[in-house]
There are 2 protein chains.
Amino acid sequence: MSEQGVRVLVVDDERSIRRFLKASLGSQFVIFEATNGEEALAAVIADRPDVILLDLGLPDMDGVEVTRRLREWTQIPIIIVSVREQEQDKIAALDAGADDYLTKPFGVGELMARLRSAIRRSAQAETDPVFRSGDLVVDLNQREVSVKGQPVSLTPTEYDLLRTFVKHAGKVLTHDQLLRAVWGTAYESETHMLQVNISNLRRKIEPDPLRPGYLITEPGVGYRLKVI
Amino acid sequence: MSEQGVRVLVVDDERSIRRFLKASLGSQFVIFEATNGEEALAAVIADRPDVILLDLGLPDMDGVEVTRRLREWTQIPIIIVSVREQEQDKIAALDAGADDYLTKPFGVGELMARLRSAIRRSAQAETDPVFRSGDLVVDLNQREVSVKGQPVSLTPTEYDLLRTFVKHAGKVLTHDQLLRAVWGTAYESETHMLQVNISNLRRKIEPDPLRPGYLITEPGVGYRLKVI
DNA sequence: TTCCACCCTCAAGCCTTTCTCAAAGTCGGG
DNA sequence: CCCGACTTTGAGAAAGGCTTGAGGGTGGAA
(Lines give C-alpha, C1' and ligand atoms only; values in the text may rest on other atoms or scores of the structure.)
Protein backbone atom coordinates (compact mmCIF):
# COMPACT_ATOMS: atom_id res chain seq x y z
CA MET A 1 0.00 0.00 0.00
CA SER A 2 2.99 2.22 0.37
CA GLU A 3 2.76 3.74 -3.08
CA GLN A 4 -0.19 4.09 -5.36
CA GLY A 5 -3.62 2.60 -5.07
CA VAL A 6 -4.45 3.56 -1.50
CA ARG A 7 -8.07 2.65 -0.93
CA VAL A 8 -10.35 5.13 0.83
CA LEU A 9 -13.87 4.33 1.99
CA VAL A 10 -16.12 7.41 2.11
CA VAL A 11 -19.12 7.02 4.38
CA ASP A 12 -21.70 9.80 4.06
CA ASP A 13 -25.40 9.89 3.38
CA GLU A 14 -25.28 13.10 1.36
CA ARG A 15 -24.69 12.43 -2.27
CA SER A 16 -23.18 15.87 -2.81
CA ILE A 17 -20.49 15.28 -0.22
CA ARG A 18 -19.61 11.88 -1.62
CA ARG A 19 -19.36 13.43 -5.08
CA PHE A 20 -17.21 16.22 -3.78
CA LEU A 21 -14.84 13.90 -1.99
CA LYS A 22 -14.65 11.58 -4.93
CA ALA A 23 -13.81 14.52 -7.17
CA SER A 24 -11.16 15.91 -4.82
CA LEU A 25 -9.50 12.66 -3.81
CA GLY A 26 -10.15 10.48 -6.81
CA SER A 27 -6.96 11.39 -8.57
CA GLN A 28 -4.78 10.33 -5.64
CA PHE A 29 -6.76 7.50 -4.12
CA VAL A 30 -9.15 4.74 -5.04
CA ILE A 31 -12.52 5.73 -3.63
CA PHE A 32 -15.26 3.42 -2.31
CA GLU A 33 -18.57 4.64 -0.98
CA ALA A 34 -21.16 3.79 1.63
CA THR A 35 -24.25 5.78 2.55
CA ASN A 36 -25.10 4.44 5.98
CA GLY A 37 -23.68 2.50 8.90
CA GLU A 38 -24.66 -0.98 7.78
CA GLU A 39 -23.27 -0.38 4.33
CA ALA A 40 -20.10 0.96 5.88
CA LEU A 41 -19.54 -2.11 8.03
CA ALA A 42 -20.16 -4.34 5.03
CA ALA A 43 -17.95 -2.25 2.76
CA VAL A 44 -14.99 -2.52 5.13
CA ILE A 45 -15.18 -6.28 4.67
CA ALA A 46 -15.86 -6.18 0.97
CA ASP A 47 -13.59 -3.36 -0.20
CA ARG A 48 -10.73 -3.66 2.28
CA PRO A 49 -10.01 0.06 2.43
CA ASP A 50 -6.76 1.37 3.87
CA VAL A 51 -8.50 4.30 5.56
CA ILE A 52 -12.08 5.36 6.28
CA LEU A 53 -13.63 8.83 6.06
CA LEU A 54 -16.68 8.68 8.28
CA ASP A 55 -19.51 11.13 8.73
CA LEU A 56 -21.14 11.12 12.15
CA GLY A 57 -24.71 11.84 11.06
CA LEU A 58 -25.75 8.66 9.34
CA PRO A 59 -29.41 7.74 8.89
CA ASP A 60 -29.34 4.33 10.51
CA MET A 61 -26.56 4.41 13.04
CA ASP A 62 -24.39 7.02 14.69
CA GLY A 63 -20.84 7.33 13.38
CA VAL A 64 -19.51 6.81 16.87
CA GLU A 65 -21.31 3.50 16.96
CA VAL A 66 -19.83 2.55 13.59
CA THR A 67 -16.41 3.41 14.95
CA ARG A 68 -16.93 1.31 18.04
CA ARG A 69 -18.08 -1.68 16.03
CA LEU A 70 -15.14 -1.44 13.66
CA ARG A 71 -12.66 -1.18 16.51
CA GLU A 72 -13.84 -4.49 17.84
CA TRP A 73 -11.90 -6.19 15.11
CA THR A 74 -9.86 -3.80 13.00
CA GLN A 75 -7.36 -0.99 13.42
CA ILE A 76 -7.96 0.60 10.03
CA PRO A 77 -7.49 4.36 10.42
CA ILE A 78 -10.81 6.17 10.81
CA ILE A 79 -11.03 9.90 10.15
CA ILE A 80 -14.27 11.50 11.27
CA VAL A 81 -15.62 14.21 8.97
CA SER A 82 -18.58 15.96 10.53
CA VAL A 83 -20.49 19.21 10.82
CA ARG A 84 -20.71 18.78 14.57
CA GLU A 85 -18.17 21.01 16.21
CA GLN A 86 -19.12 20.43 19.82
CA GLU A 87 -16.17 19.33 21.89
CA GLN A 88 -18.25 16.49 23.37
CA ASP A 89 -18.79 15.03 19.93
CA LYS A 90 -15.09 15.09 19.17
CA ILE A 91 -14.21 13.50 22.48
CA ALA A 92 -16.80 10.78 22.07
CA ALA A 93 -15.63 9.91 18.56
CA LEU A 94 -11.93 9.94 19.40
CA ASP A 95 -12.46 7.86 22.51
CA ALA A 96 -14.52 5.40 20.53
CA GLY A 97 -11.40 4.76 18.52
CA ALA A 98 -11.34 7.33 15.75
CA ASP A 99 -7.89 8.48 14.68
CA ASP A 100 -8.76 12.03 13.70
CA TYR A 101 -11.67 14.45 13.63
CA LEU A 102 -12.22 17.08 10.99
CA THR A 103 -15.00 19.65 11.10
CA LYS A 104 -16.89 20.58 7.94
CA PRO A 105 -16.24 22.71 6.10
CA PHE A 106 -12.59 21.84 5.72
CA GLY A 107 -9.86 22.42 3.20
CA VAL A 108 -9.18 19.62 0.79
CA GLY A 109 -5.47 20.16 1.31
CA GLU A 110 -5.78 19.60 5.03
CA LEU A 111 -7.92 16.54 4.55
CA MET A 112 -5.38 15.05 2.22
CA ALA A 113 -2.54 15.83 4.60
CA ARG A 114 -4.41 14.13 7.43
CA LEU A 115 -5.10 11.19 5.15
CA ARG A 116 -1.43 10.92 4.33
CA SER A 117 -0.54 11.12 7.99
CA ALA A 118 -2.93 8.33 8.91
CA ILE A 119 -1.77 6.18 6.02
CA ARG A 120 1.88 6.78 6.83
CA ARG A 121 1.32 5.61 10.38
CA SER A 122 -0.48 2.45 9.47
CA ALA A 123 1.97 1.75 6.67
CA GLN A 124 4.92 1.75 8.99
CA ALA A 125 3.29 -0.89 11.16
CA GLU A 126 3.06 -2.91 8.01
CA THR A 127 5.74 -5.39 7.22
CA ASP A 128 7.21 -6.46 3.94
CA PRO A 129 6.21 -9.96 3.08
CA VAL A 130 8.86 -12.60 3.66
CA PHE A 131 10.19 -13.98 0.41
CA ARG A 132 10.29 -17.75 0.11
CA SER A 133 11.50 -19.85 -2.76
CA GLY A 134 12.24 -23.46 -2.08
CA ASP A 135 14.58 -23.59 0.90
CA LEU A 136 15.56 -19.95 0.55
CA VAL A 137 13.96 -17.44 2.90
CA VAL A 138 14.67 -13.72 2.72
CA ASP A 139 13.17 -11.55 5.44
CA LEU A 140 13.66 -7.94 4.44
CA ASN A 141 12.23 -6.66 7.72
CA GLN A 142 14.75 -8.47 9.86
CA ARG A 143 17.46 -8.35 7.22
CA GLU A 144 17.75 -12.07 7.62
CA VAL A 145 18.52 -14.68 5.01
CA SER A 146 18.36 -18.41 5.60
CA VAL A 147 18.66 -21.60 3.61
CA LYS A 148 17.03 -24.75 4.97
CA GLY A 149 16.49 -22.91 8.23
CA GLN A 150 20.18 -22.15 8.59
CA PRO A 151 20.88 -18.42 8.77
CA VAL A 152 23.31 -17.19 6.14
CA SER A 153 25.49 -14.16 6.75
CA LEU A 154 25.88 -11.82 3.81
CA THR A 155 28.13 -8.84 3.28
CA PRO A 156 26.40 -5.50 2.71
CA THR A 157 26.99 -5.71 -1.02
CA GLU A 158 25.71 -9.23 -1.26
CA TYR A 159 22.64 -8.36 0.73
CA ASP A 160 21.91 -5.30 -1.39
CA LEU A 161 22.16 -7.44 -4.45
CA LEU A 162 19.88 -10.13 -3.08
CA ARG A 163 17.41 -7.52 -1.89
CA THR A 164 17.24 -6.10 -5.37
CA PHE A 165 16.45 -9.53 -6.73
CA VAL A 166 13.78 -10.14 -4.12
CA LYS A 167 12.09 -6.85 -4.87
CA HIS A 168 11.77 -7.96 -8.48
CA ALA A 169 11.50 -11.68 -7.88
CA GLY A 170 10.97 -13.69 -11.03
CA LYS A 171 11.83 -10.80 -13.34
CA VAL A 172 14.99 -10.61 -15.38
CA LEU A 173 17.29 -7.84 -14.20
CA THR A 174 19.91 -6.57 -16.61
CA HIS A 175 23.51 -6.04 -15.62
CA ASP A 176 22.99 -2.31 -15.85
CA GLN A 177 19.95 -2.36 -13.62
CA LEU A 178 21.71 -4.38 -10.96
CA LEU A 179 24.86 -2.31 -11.05
CA ARG A 180 22.89 0.89 -10.79
CA ALA A 181 20.76 -0.45 -7.95
CA VAL A 182 23.64 -1.74 -5.87
CA TRP A 183 26.69 0.34 -6.75
CA GLY A 184 25.17 3.47 -8.22
CA THR A 185 24.98 5.04 -11.62
CA ALA A 186 28.72 5.43 -11.99
CA TYR A 187 29.41 1.70 -12.04
CA GLU A 188 27.15 0.71 -14.92
CA SER A 189 29.95 -0.95 -16.84
CA GLU A 190 31.70 -2.78 -14.02
CA THR A 191 30.14 -6.09 -14.88
CA HIS A 192 33.01 -7.97 -13.37
CA MET A 193 32.19 -6.80 -9.86
CA LEU A 194 28.67 -7.99 -10.44
CA GLN A 195 29.86 -11.40 -11.52
CA VAL A 196 32.05 -11.81 -8.49
CA ASN A 197 29.25 -10.92 -6.16
CA ILE A 198 26.78 -13.17 -7.92
CA SER A 199 29.31 -15.91 -7.57
CA ASN A 200 29.80 -15.25 -3.88
CA LEU A 201 26.07 -15.10 -3.31
CA ARG A 202 25.59 -18.41 -5.06
CA ARG A 203 28.27 -20.01 -2.95
CA LYS A 204 26.34 -18.93 0.14
CA ILE A 205 22.76 -19.66 -0.83
CA GLU A 206 22.85 -22.31 -3.54
CA PRO A 207 22.94 -25.99 -2.59
CA ASP A 208 25.02 -26.60 -5.71
CA PRO A 209 26.65 -23.32 -6.77
CA LEU A 210 27.69 -24.78 -10.09
CA ARG A 211 24.07 -25.50 -10.98
CA PRO A 212 22.20 -22.48 -9.66
CA GLY A 213 18.60 -23.10 -8.65
CA TYR A 214 17.77 -19.62 -7.42
CA LEU A 215 20.00 -17.10 -9.14
CA ILE A 216 19.59 -17.92 -12.78
CA THR A 217 21.86 -16.49 -15.48
CA GLU A 218 20.03 -15.12 -18.48
CA PRO A 219 22.84 -15.14 -21.03
CA GLY A 220 23.45 -11.85 -22.73
CA VAL A 221 20.85 -10.11 -20.59
CA GLY A 222 21.33 -10.43 -16.86
CA TYR A 223 20.06 -12.52 -13.97
CA ARG A 224 16.80 -13.64 -12.48
CA LEU A 225 15.75 -14.83 -9.06
CA LYS A 226 13.63 -17.89 -9.60
CA VAL A 227 10.34 -18.14 -7.77
CA ILE A 228 9.56 -21.72 -6.85
CA MET B 1 2.76 2.94 29.51
CA SER B 2 -0.74 1.65 28.96
CA GLU B 3 -2.13 3.00 32.22
CA GLN B 4 -0.66 5.62 34.48
CA GLY B 5 2.51 7.58 34.15
CA VAL B 6 2.23 8.58 30.52
CA ARG B 7 4.96 11.11 29.88
CA VAL B 8 4.12 14.23 27.90
CA LEU B 9 6.70 16.70 26.67
CA VAL B 10 5.31 20.20 26.28
CA VAL B 11 7.32 22.41 23.95
CA ASP B 12 6.32 26.07 23.99
CA ASP B 13 8.21 29.28 24.56
CA GLU B 14 5.36 30.99 26.39
CA ARG B 15 5.50 30.36 30.06
CA SER B 16 1.77 30.94 30.44
CA ILE B 17 0.91 28.21 28.00
CA ARG B 18 3.24 25.75 29.66
CA ARG B 19 1.68 26.55 33.00
CA PHE B 20 -1.79 26.17 31.61
CA LEU B 21 -1.01 22.81 30.04
CA LYS B 22 0.75 21.58 33.12
CA ALA B 23 -2.26 22.58 35.21
CA SER B 24 -4.76 20.95 32.86
CA LEU B 25 -2.87 17.78 32.11
CA GLY B 26 -0.77 17.36 35.21
CA SER B 27 -3.30 15.24 37.04
CA GLN B 28 -3.46 12.66 34.24
CA PHE B 29 0.04 12.78 32.84
CA VAL B 30 3.63 13.37 33.83
CA ILE B 31 4.63 16.65 32.23
CA PHE B 32 8.07 17.64 30.97
CA GLU B 33 8.85 21.00 29.44
CA ALA B 34 11.04 22.57 26.80
CA THR B 35 11.06 26.15 25.65
CA ASN B 36 12.75 25.93 22.27
CA GLY B 37 13.72 23.52 19.54
CA GLU B 38 17.14 22.58 20.83
CA GLU B 39 15.79 21.92 24.29
CA ALA B 40 13.03 19.85 22.77
CA LEU B 41 15.42 17.63 20.84
CA ALA B 42 17.54 17.14 23.94
CA ALA B 43 14.53 16.53 26.15
CA VAL B 44 13.26 13.75 23.94
CA ILE B 45 16.51 11.91 24.64
CA ALA B 46 16.65 12.81 28.30
CA ASP B 47 13.01 12.54 29.38
CA ARG B 48 11.81 9.80 27.04
CA PRO B 49 8.27 11.17 26.64
CA ASP B 50 5.48 9.02 25.24
CA VAL B 51 3.99 11.93 23.31
CA ILE B 52 5.02 15.48 22.40
CA LEU B 53 2.90 18.62 22.36
CA LEU B 54 4.73 20.97 20.05
CA ASP B 55 4.19 24.65 19.35
CA LEU B 56 5.18 25.81 15.88
CA GLY B 57 6.46 29.27 16.79
CA LEU B 58 9.64 28.56 18.67
CA PRO B 59 12.37 31.17 19.04
CA ASP B 60 15.28 29.17 17.65
CA MET B 61 13.80 26.70 15.20
CA ASP B 62 10.50 26.17 13.48
CA GLY B 63 8.30 23.45 14.90
CA VAL B 64 8.13 21.82 11.49
CA GLU B 65 11.90 21.55 11.54
CA VAL B 66 11.80 20.00 15.00
CA THR B 67 9.27 17.49 13.73
CA ARG B 68 11.43 16.64 10.76
CA ARG B 69 14.50 16.11 12.92
CA LEU B 70 12.67 13.90 15.36
CA ARG B 71 11.19 11.80 12.60
CA GLU B 72 14.67 10.93 11.44
CA TRP B 73 14.95 8.52 14.30
CA THR B 74 11.81 8.24 16.39
CA GLN B 75 8.09 7.64 15.89
CA ILE B 76 6.96 9.22 19.14
CA PRO B 77 3.55 10.80 18.50
CA ILE B 78 3.79 14.54 17.87
CA ILE B 79 0.74 16.73 18.29
CA ILE B 80 1.15 20.25 16.97
CA VAL B 81 -0.48 22.97 19.04
CA SER B 82 -0.35 26.30 17.29
CA VAL B 83 -2.07 29.61 16.74
CA ARG B 84 -1.45 29.33 13.02
CA GLU B 85 -4.66 28.29 11.34
CA GLN B 86 -3.55 28.54 7.75
CA GLU B 87 -4.13 25.35 5.85
CA GLN B 88 -0.58 25.49 4.49
CA ASP B 89 0.88 25.39 7.99
CA LYS B 90 -1.19 22.35 8.85
CA ILE B 91 -0.21 20.56 5.68
CA ALA B 92 3.45 21.31 6.16
CA ALA B 93 3.46 20.08 9.74
CA LEU B 94 1.49 16.92 9.04
CA ASP B 95 3.64 16.07 6.06
CA ALA B 96 6.77 16.62 8.11
CA GLY B 97 5.57 13.76 10.27
CA ALA B 98 3.26 15.27 12.88
CA ASP B 99 0.41 13.04 13.99
CA ASP B 100 -2.16 15.73 14.71
CA TYR B 101 -2.67 19.47 14.53
CA LEU B 102 -4.68 21.50 16.99
CA THR B 103 -5.35 25.21 16.62
CA LYS B 104 -5.21 27.48 19.65
CA PRO B 105 -7.44 28.18 21.40
CA PHE B 106 -8.67 24.66 21.95
CA GLY B 107 -10.73 22.81 24.51
CA VAL B 108 -8.80 20.88 27.09
CA GLY B 109 -11.23 18.02 26.67
CA GLU B 110 -10.47 17.76 22.97
CA LEU B 111 -6.74 17.98 23.59
CA MET B 112 -6.93 15.17 26.08
CA ALA B 113 -9.02 13.06 23.75
CA ARG B 114 -6.49 13.57 20.97
CA LEU B 115 -3.70 12.72 23.40
CA ARG B 116 -5.47 9.54 24.37
CA SER B 117 -5.99 8.69 20.73
CA ALA B 118 -2.31 9.16 19.91
CA ILE B 119 -1.21 7.21 22.95
CA ARG B 120 -3.64 4.41 22.27
CA ARG B 121 -2.23 4.04 18.77
CA SER B 122 1.38 3.95 19.82
CA ALA B 123 0.61 1.74 22.81
CA GLN B 124 -0.71 -0.98 20.59
CA ALA B 125 2.59 -1.03 18.76
CA GLU B 126 4.33 -1.27 22.09
CA THR B 127 6.63 -4.13 22.89
CA ASP B 128 6.26 -6.61 25.69
CA PRO B 129 7.83 -5.00 28.77
CA VAL B 130 9.69 -8.18 29.67
CA PHE B 131 12.06 -9.46 27.03
CA ARG B 132 13.49 -12.98 27.17
CA SER B 133 16.04 -14.58 24.94
CA GLY B 134 17.84 -17.64 26.19
CA ASP B 135 19.23 -16.84 29.62
CA LEU B 136 18.87 -13.10 29.14
CA VAL B 137 15.92 -11.31 30.73
CA VAL B 138 15.32 -7.59 30.35
CA ASP B 139 12.47 -6.07 32.33
CA LEU B 140 11.75 -2.63 30.91
CA ASN B 141 9.30 -1.75 33.66
CA GLN B 142 11.58 -2.58 36.55
CA ARG B 143 14.65 -1.50 34.61
CA GLU B 144 16.19 -4.82 35.56
CA VAL B 145 18.50 -7.06 33.57
CA SER B 146 19.54 -10.56 34.50
CA VAL B 147 21.47 -13.45 32.99
CA LYS B 148 20.79 -16.98 34.23
CA GLY B 149 18.78 -15.45 37.05
CA GLN B 150 21.75 -13.39 38.19
CA PRO B 151 21.01 -9.66 38.16
CA VAL B 152 23.40 -7.61 36.07
CA SER B 153 24.11 -3.99 36.84
CA LEU B 154 24.38 -1.70 33.85
CA THR B 155 25.40 1.91 33.55
CA PRO B 156 22.71 4.31 32.27
CA THR B 157 24.22 4.35 28.80
CA GLU B 158 24.50 0.61 28.63
CA TYR B 159 20.90 0.25 29.72
CA ASP B 160 19.66 2.79 27.17
CA LEU B 161 21.48 0.89 24.50
CA LEU B 162 20.08 -2.45 25.55
CA ARG B 163 16.60 -1.00 25.84
CA THR B 164 16.83 0.25 22.28
CA PHE B 165 17.76 -3.22 21.15
CA VAL B 166 14.88 -4.77 23.07
CA LYS B 167 12.40 -2.38 21.51
CA HIS B 168 13.44 -3.65 18.10
CA ALA B 169 14.42 -7.16 19.04
CA GLY B 170 15.50 -9.25 16.09
CA LYS B 171 15.86 -6.30 13.76
CA VAL B 172 19.15 -4.94 12.57
CA LEU B 173 19.80 -1.49 13.98
CA THR B 174 22.30 0.67 12.15
CA HIS B 175 25.02 2.58 13.92
CA ASP B 176 23.22 5.81 13.13
CA GLN B 177 19.95 4.62 14.55
CA LEU B 178 21.57 3.48 17.77
CA LEU B 179 23.62 6.62 18.20
CA ARG B 180 20.61 8.85 17.60
CA ALA B 181 18.42 6.87 19.96
CA VAL B 182 20.91 6.75 22.81
CA TRP B 183 23.09 9.83 22.48
CA GLY B 184 20.99 12.14 20.32
CA THR B 185 21.11 13.44 16.80
CA ALA B 186 24.40 15.25 17.28
CA TYR B 187 26.39 12.06 17.84
CA GLU B 188 25.55 10.26 14.64
CA SER B 189 29.16 9.78 13.65
CA GLU B 190 30.65 8.82 16.99
CA THR B 191 30.71 5.15 16.19
CA HIS B 192 33.58 4.55 18.52
CA MET B 193 31.51 5.32 21.60
CA LEU B 194 28.99 2.83 20.35
CA GLN B 195 31.64 0.16 19.94
CA VAL B 196 32.97 0.64 23.42
CA ASN B 197 29.53 0.38 24.94
CA ILE B 198 28.65 -2.66 22.89
CA SER B 199 31.86 -4.22 24.08
CA ASN B 200 31.09 -3.39 27.71
CA LEU B 201 27.55 -4.67 27.38
CA ARG B 202 28.80 -7.92 25.94
CA ARG B 203 31.25 -8.36 28.78
CA LYS B 204 28.32 -8.11 31.18
CA ILE B 205 25.64 -10.14 29.47
CA GLU B 206 27.40 -12.58 27.16
CA PRO B 207 28.59 -15.94 28.48
CA ASP B 208 31.49 -15.70 26.04
CA PRO B 209 32.00 -12.05 25.07
CA LEU B 210 34.33 -13.02 22.26
CA ARG B 211 31.60 -15.10 20.64
CA PRO B 212 28.46 -13.03 21.16
CA GLY B 213 25.21 -14.97 21.32
CA TYR B 214 22.85 -12.07 21.94
CA LEU B 215 24.36 -8.89 20.54
CA ILE B 216 25.27 -9.86 17.04
CA THR B 217 27.48 -7.70 14.83
CA GLU B 218 26.16 -7.22 11.32
CA PRO B 219 29.34 -6.07 9.61
CA GLY B 220 29.02 -2.89 7.65
CA VAL B 221 25.48 -2.35 8.89
CA GLY B 222 25.05 -2.36 12.63
CA TYR B 223 24.01 -4.73 15.39
CA ARG B 224 21.11 -6.96 16.22
CA LEU B 225 19.69 -8.43 19.39
CA LYS B 226 19.07 -12.06 18.65
CA VAL B 227 15.75 -13.56 19.62
CA ILE B 228 16.20 -17.17 20.68
C1' DT C 1 38.40 -26.77 -35.58
C1' DT C 2 39.57 -22.21 -34.16
C1' DC C 3 38.39 -17.84 -32.59
C1' DC C 4 35.91 -14.78 -29.81
C1' DA C 5 32.71 -13.09 -26.58
C1' DC C 6 30.87 -13.99 -22.46
C1' DC C 7 30.54 -16.05 -18.00
C1' DC C 8 32.51 -17.99 -13.86
C1' DT C 9 35.76 -18.96 -9.88
C1' DC C 10 39.57 -18.22 -6.96
C1' DA C 11 42.62 -15.62 -4.37
C1' DA C 12 45.77 -11.82 -3.17
C1' DG C 13 46.36 -6.93 -1.77
C1' DC C 14 44.46 -3.15 0.05
C1' DC C 15 41.47 -0.75 2.67
C1' DT C 16 37.84 -0.08 6.09
C1' DT C 17 35.53 -1.52 9.96
C1' DT C 18 35.43 -3.55 14.39
C1' DC C 19 37.21 -4.88 18.88
C1' DT C 20 39.61 -4.51 23.23
C1' DC C 21 42.35 -2.52 26.72
C1' DA C 22 43.59 1.44 28.92
C1' DA C 23 44.13 6.20 30.00
C1' DA C 24 42.12 10.64 30.47
C1' DG C 25 38.28 13.47 31.44
C1' DT C 26 33.73 14.54 33.86
C1' DC C 27 30.54 14.78 37.36
C1' DG C 28 28.09 14.35 41.68
C1' DG C 29 28.10 12.88 46.63
C1' DG C 30 30.25 12.58 50.90
C1' DC D 1 38.34 18.53 48.12
C1' DC D 2 38.59 13.86 47.10
C1' DC D 3 36.65 9.58 45.61
C1' DG D 4 34.22 6.54 42.85
C1' DA D 5 31.33 5.69 38.99
C1' DC D 6 30.72 6.70 34.47
C1' DT D 7 31.81 8.52 29.94
C1' DT D 8 34.83 9.72 26.36
C1' DT D 9 39.05 9.45 23.85
C1' DG D 10 43.14 7.03 22.21
C1' DA D 11 45.95 3.47 20.04
C1' DG D 12 46.98 -0.87 18.24
C1' DA D 13 45.52 -5.28 16.72
C1' DA D 14 42.32 -8.21 14.44
C1' DA D 15 38.82 -9.21 11.32
C1' DG D 16 36.32 -8.67 7.37
C1' DG D 17 34.95 -6.69 2.88
C1' DC D 18 35.97 -4.73 -1.73
C1' DT D 19 38.33 -4.60 -5.84
C1' DT D 20 41.20 -6.33 -9.14
C1' DG D 21 43.72 -9.64 -11.85
C1' DA D 22 44.51 -14.15 -13.70
C1' DG D 23 42.87 -18.15 -15.64
C1' DG D 24 39.44 -21.64 -17.02
C1' DG D 25 35.19 -22.94 -19.17
C1' DT D 26 31.36 -22.73 -22.64
C1' DG D 27 28.94 -21.99 -26.79
C1' DG D 28 28.18 -19.86 -31.19
C1' DA D 29 30.12 -18.22 -35.60
C1' DA D 30 33.34 -18.50 -39.20
Side-chain angles (χ1 to χ4, degrees), chain A residues 143 145 151-164 172-179 181-184 186-224, chain B residues 42 45-46 143 145 151-165 172-184 186-225:
Chain A
R143 197 191 185 275
V145 179
V152 176
S153 90
L154 302 180
T155 71
T157 314
E158 286 159 6
Y159 181 80
D160 278 355
L161 190 53
L162 183 56
R163 184 166 48 78
T164 309
V172 177
L173 296 174
T174 66
H175 303 131
D176 291 13
Q177 284 177 319
L178 290 165
L179 284 161
V182 177
W183 282 269
Y187 292 75
E188 277 184 37
S189 51
E190 303 284 329
T191 44
H192 187 47
M193 301 204 319
L194 179 58
Q195 314 229 14
V196 172
N197 276 278
I198 292 278
S199 172
N200 291 338
L201 248 184
R202 280 175 175 159
R203 193 150 30 77
K204 291 184 179 179
I205 67 172
E206 295 279 4
D208 179 1
L210 296 179
R211 271 177 213 76
Y214 301 120
L215 283 178
I216 311 297
T217 300
E218 297 287 351
V221 188
Y223 300 90
R224 181 166 56 89
Chain B
I45 302 283
R143 205 182 184 284
V145 179
V152 176
S153 92
L154 301 181
T155 71
T157 312
E158 286 160 6
Y159 181 79
D160 276 356
L161 189 54
L162 184 55
R163 186 171 47 75
T164 308
F165 277 113
V172 176
L173 296 175
T174 65
H175 305 123
D176 292 13
Q177 286 176 318
L178 290 165
L179 284 161
R180 279 199 293 256
V182 176
W183 282 270
Y187 292 75
E188 275 184 42
S189 50
E190 303 285 329
T191 45
H192 189 46
M193 302 203 320
L194 178 59
Q195 320 244 26
V196 174
N197 277 278
I198 292 276
S199 175
N200 291 338
L201 248 183
R202 278 174 175 160
R203 196 148 29 76
K204 291 184 180 181
I205 67 172
E206 295 278 4
D208 179 1
L210 295 179
R211 272 178 213 75
Y214 300 120
L215 283 177
I216 311 296
T217 300
E218 298 284 352
V221 188
Y223 300 90
R224 183 160 57 93
L225 176 59

Under-4.0 Å side-chain N/O to phosphate OP1/OP2 contact, [X] with [N]:
{"X": "B/H175", "N": "C/dT18", "answer": "yes"}
{"X": "B/R203", "N": "C/dT20", "answer": "no"}
{"X": "B/W183", "N": "D/dT7", "answer": "no"}
{"X": "B/T155", "N": "D/dA5", "answer": "no"}
{"X": "A/T191", "N": "C/dC7", "answer": "no"}
{"X": "B/S199", "N": "C/dT20", "answer": "yes"}

Where the side chain of A/R202 is concerned, which of D/dT19, C/dC19, C/dC8 is the nearest nucleotide?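 Shortest atom-to-atom distance from the side chain points to C/dC8.
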Listed nucleotide nearest any side-chain atom of A/T157, set D/dT8, D/dC18, D/dA11: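 Comparing D/dT8, D/dC18, D/dA11 against the side chain of A/T157, the answer is D/dC18.
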Provide the closest heavy-atom pair for B/V221 versus A/P156 in the form atom of the first, atom of the second, distance.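 In this case the closest contact between B/V221 and A/P156 is CG2-CG, 4.3 Å.
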Looking at B/L173, B/V172, B/T164, B/L178, which one forms a side-chain contact (heavy atoms from CB on, under 4.5 Å) with B/Y223?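 The side-chain contact (heavy atoms from CB on, under 4.5 Å) with B/Y223 is passed solely by B/L178 among B/L173, B/V172, B/T164, B/L178.
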Which sits closer to the 5' end of DNA chain C, A/G222 or A/V196, going by the nucleotide each is nearest to?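 The answer here is A/G222.
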Whichever of B/T217 and A/Q195 has its nearest DNA chain C nucleotide further upstream toward 5':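 Comparing both residues, the 5'-ward one is A/Q195.
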Could you give the [atom1]-to-[atom2] distance, from [X] to [N], as a whole number of Å?
{"X": "B/L179", "N": "D/dT7", "atom1": "CG", "atom2": "P", "value": "14 Å"}
{"X": "B/R211", "N": "C/dT18", "atom1": "CZ", "atom2": "C1'", "value": "16 Å"}
{"X": "A/N197", "N": "D/dT20", "atom1": "CG", "atom2": "P", "value": "12 Å"}
{"X": "B/E218", "N": "C/dT17", "atom1": "CD", "atom2": "C1'", "value": "14 Å"}
{"X": "B/L154", "N": "D/dA5", "atom1": "CG", "atom2": "C1'", "value": "14 Å"}
{"X": "B/L215", "N": "C/dC19", "atom1": "CG", "atom2": "C1'", "value": "14 Å"}
{"X": "B/H192", "N": "C/dC19", "atom1": "NE2", "atom2": "P", "value": "12 Å"}
{"X": "B/E190", "N": "C/dG25", "atom1": "CD", "atom2": "P", "value": "17 Å"}

Quick one: on DNA chain D, does B/Y187 or B/P219 contact a more 5' nucleotide (nearest heavy atom)?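 Result of the comparison: B/Y187.
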Mapping B/N200 and B/G220 to their closest nucleotides on DNA chain D, which lands nearer the 5' end?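 Closer to the 5' end of DNA chain D: B/N200.
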Sugar-phosphate, base or nothing in reach of [X], heavy atoms under 4.0 Å:
{"X": "A/Y159", "result": "nothing"}
{"X": "A/L210", "result": "sugar-phosphate"}
{"X": "B/Y223", "result": "sugar-phosphate"}

State, yes or no, whether a side-chain contact exists between [X] and [Y] at a heavy-atom distance under 4.5 Å.
{"X": "B/I205", "Y": "B/E158", "value": "no"}
{"X": "B/W183", "Y": "B/M193", "value": "yes"}
{"X": "B/L194", "Y": "B/L161", "value": "yes"}

Candidate pair A/T217 and A/R202, rule side chain to side chain donor-acceptor pair (under 3.5 Å), full reasoning: CA-CA 11 Å; A/T217 300; A/R202 280 175 175 159; 2.7 Å; yes
